[in-house]
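Notes to accompany the following structure.
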Protein chains: 2
Amino acid sequence: MSMELDKLDRRILAILQKDARRPAELMGADVGLSASAVQRRIARMREEAVITAEVALVDPKQAGRPLTMIVDVEVERERPELLASLKQWIAAEPCIQEAWYVTGAGDYVLIVVARDVDDFEALMQRLVVDNANVRRFQTRVALSTLKRGMFVPMDISP
Amino acid sequence: MSMELDKLDRRILAILQKDARRPAELMGADVGLSASAVQRRIARMREEAVITAEVALVDPKQAGRPLTMIVDVEVERERPELLASLKQWIAAEPCIQEAWYVTGAGDYVLIVVARDVDDFEALMQRLVVDNANVRRFQTRVALSTLKRGMFVPMDISP
DNA sequence: CGTGAAAACATGTAACA
DNA sequence: TGTTACATGTTTTCACG
């Protein structure tokens, strides 16, 4: 289940998190390994779900989703039976890219991408209508995106 | 610069955002196109930076970064000359995965991954020491991650 | 002009020592 | 693990609508 990542694994992961298409031969040259050794390690890490996916990143603006919102949602903690359906609702909603349950008064934080303000408001409307335990929410508009990614830092010194 | 995405492009993007390794021949079967036509469209979208990258996603827990924090940072707006260096600081800090400038009183929102609480506090210490314009910050701990991704929804009906 | 078919090419995969 | 041979996927070329 859990696996040990050595220094070479971590260096390979650091590369793959920036460019999953980089040929194994080049990565081998980077880290001092043969191409097949690199491939074996990658296959192992996919198997062990250290690598969970390999995906293309799309520019939201060019794809017609220029708006990003950060939404704090407050939920009634008295009704835990409704939480499961809220989670399903969030999972099924493609505009919601990220969602965390966070410390605080029954709060969730959502990252939402939308076509425009109307699109976003319609989503929030549905959020409260479909989920009776949503008490209120507060929206912040992302005026600029300084950084975006899911890069997990790798310790490559030891 | 800007490019028109037709229905087929969008369907291909929807697939690639979930699995960038899917063979072009299978994608062609999915959308009703030959493998080479699919490849050409992908190459074009890479060229036009609709596809900004193809990356591996790594499980933070297995990589030794089990903690996620959502940090609201309040910055003194009176000193705009310090904003550039703050942006550079954020860009250079690998623990900060995402950063937005948002509506509100000079606020930034950061998504931070950390090894442990000490690791996180050391980062925040450096944030305030290195950036004189950081007035204060508020941290929320992600108790559970319901959803994580950068999938941009695609309208595939029209 | 974009598409599909078949070529050449590069890459990934699976055997071997 | 590295090297080799093999299978798979990608890129290019070209004729067609």
Side-chain angles (χ1 to χ4, degrees), chain A residues 1-59 62-64 150-152 154-158, chain B residues 1-59 62-64 150-152 154-158:
Chain A
M1 207 72 202
S2 76
M3 86 173 313
E4 285 305 312
L5 298 174
D6 67 11
K7 183 182 177 177
L8 292 167
D9 290 325
R10 292 194 294 269
R11 291 187 65 186
I12 292 168
L13 287 177
I15 295 169
L16 285 178
Q17 285 187 96
K18 288 173 182 141
D19 178 15
R21 274 167 48 88
R22 185 166 181 83
E25 189 166 353
L26 295 180
M27 289 194 280
D30 293 335
V31 306
L33 229 50
S34 74
S36 38
V38 172
Q39 301 273 27
R40 270 192 293 265
R41 283 164 182 266
I42 294 172
R44 198 184 70 224
M45 293 190 285
R46 285 201 264 249
E47 185 69 25
E48 303 274 351
V50 174
I51 297 172
T52 57
E54 276 135 293
V55 302
L57 302 185
V58 171
D59 180 3
Q62 294 213 50
M150 298 185 36
F151 184 90
V152 179
M154 294 286 142
D155 314 305
I156 53 178
S157 349
Chain B
M1 204 75 200
S2 77
M3 89 173 309
E4 284 306 311
L5 298 174
D6 67 11
K7 183 181 177 177
L8 293 167
D9 290 326
R10 292 193 294 270
R11 291 187 65 185
I12 292 168
L13 287 177
I15 295 168
L16 285 177
Q17 285 188 95
K18 287 173 183 142
D19 179 13
R21 273 167 44 89
R22 185 165 181 83
E25 190 167 350
L26 295 180
M27 289 194 279
D30 292 336
V31 306
L33 228 51
S34 75
S36 36
V38 171
Q39 300 275 25
R40 266 192 297 266
R41 283 163 181 268
I42 294 172
R44 199 183 69 225
M45 292 190 285
R46 284 200 265 250
E47 185 69 25
E48 302 273 353
V50 175
I51 297 172
T52 57
E54 277 136 294
V55 301
L57 302 185
V58 171
D59 180 2
Q62 293 213 49
M150 298 188 28
F151 184 89
V152 179
M154 293 287 142
D155 313 306
I156 53 178
S157 349

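Letters A, B, ... are given to chains in the order of the sequence lines, protein chains preceding strands, and every chain is numbered from 1. The structure displayed is predicted, hence computed values, not measured ones. Basis for what follows: all heavy atoms, side chains included, without hydrogens, waters or symmetry-related copies.
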Item checked: Given D:dT11, C:dT13, D:dG2, the nucleotide with the shortest approach to the side chain of A:Arg21 -> D:dT11
Notebook entry, point to check: Separation of B:Glu4 atom CD from C:dC1 atom P, in whole Å?
Noted result: 17 Å
Checklist line | Side-chain heavy-atom pair A:Leu16, A:Arg22 within 4.5 angstrom cut-off | finding: no
Next item on the list: Compare the minimum distances between each of D:dT10, C:dG4, C:dA14 and the side chain of A:Ser36, then state the nucleotide with the smallest one.
Entry: C:dA14
Check: Rounded to the Å, how far apart are A:Glu47 CD and C:dT13 C1'?
Finding: 15 Å
Check: Where the side chain of A:Ala37 is defined as all heavy atoms beyond and including C-beta, which of D:dT1, C:dT11, C:dT3 is the nearest nucleotide?
Finding: D:dT1
Notebook entry, point to check: Is any N or O donor-acceptor pair between the side chain of B:Arg40 and the base of C:dG4 shorter than 3.5 Å?
Noted result: yes
Note to self: Measuring from the side chain of B:Leu33 (C-beta onward, heavy atoms only), which nucleotide among C:dT13, C:dG4, C:dT11 has the closest atom?
What the structure shows: C:dG4
Item checked: Closest non-hydrogen atom pair between A:Gln62 and B:Ala49, with its separation -> NE2-O, 3.3 Å
Check: Looking for any heavy atom pair under 4.0 Å, which part of the strands does A:Ala35 touch: base, sugar-phosphate only, or nothing?
Finding: nothing
Checklist line | Nearest-angstrom distance from the residue atom CD of B:Gln39 to P of C:dC9 | finding: 18 Å
Checklist line | Protein-nucleotide distance (B:Leu8, atom CG; C:dG2, atom C1'), rounded to Å | finding: 11 Å
Next item on the list: Please step through salt bridge (charged side-chain N to carboxylate O under 4.0 Å, His left out) for the pair A:Asp6 and A:Arg41, ending with a clear verdict.
Entry: CA-CA 10 Å; A:Asp6 67 11; A:Arg41 283 164 182 266; 2.9 Å; yes
Notebook entry, point to check: Tell me: CD1 of B:Ile42 to P of D:dT12, nearest whole Å?
Noted result: 14 Å
Notebook entry, point to check: Taking only N and O in the side chain of B:Arg41, is any of them less than 4.0 Å away from OP1 or OP2 of C:dT3?
Noted result: yes
Next item on the list: Please report the shortest heavy-atom distance between B:Ala63 and B:Val58, naming the atom on each side.
Entry: CB-CG1, 3.9 Å
Next item on the list: Go through the steps for B:Asp155 and B:Lys7 under the test salt bridge (charged side-chain N to carboxylate O under 4.0 Å, His left out), then give the verdict.
Entry: CA-CA 8 Å; B:Asp155 313 306; B:Lys7 183 181 177 177; over 6 Å; no
Item checked: Separation of D:dT8 C1' from B:Met27 CE (nearest whole Å) -> 14 Å
Note to self: Without decimals, in angstroms, what is the distance between A:Ile51 CD1 and C:dG12 C1'?
What the structure shows: 14 Å
Next item on the list: Return the value, rounded to whole Å, for the distance between atom CZ of A:Arg44 and atom P of C:dT13.
Entry: 15 Å
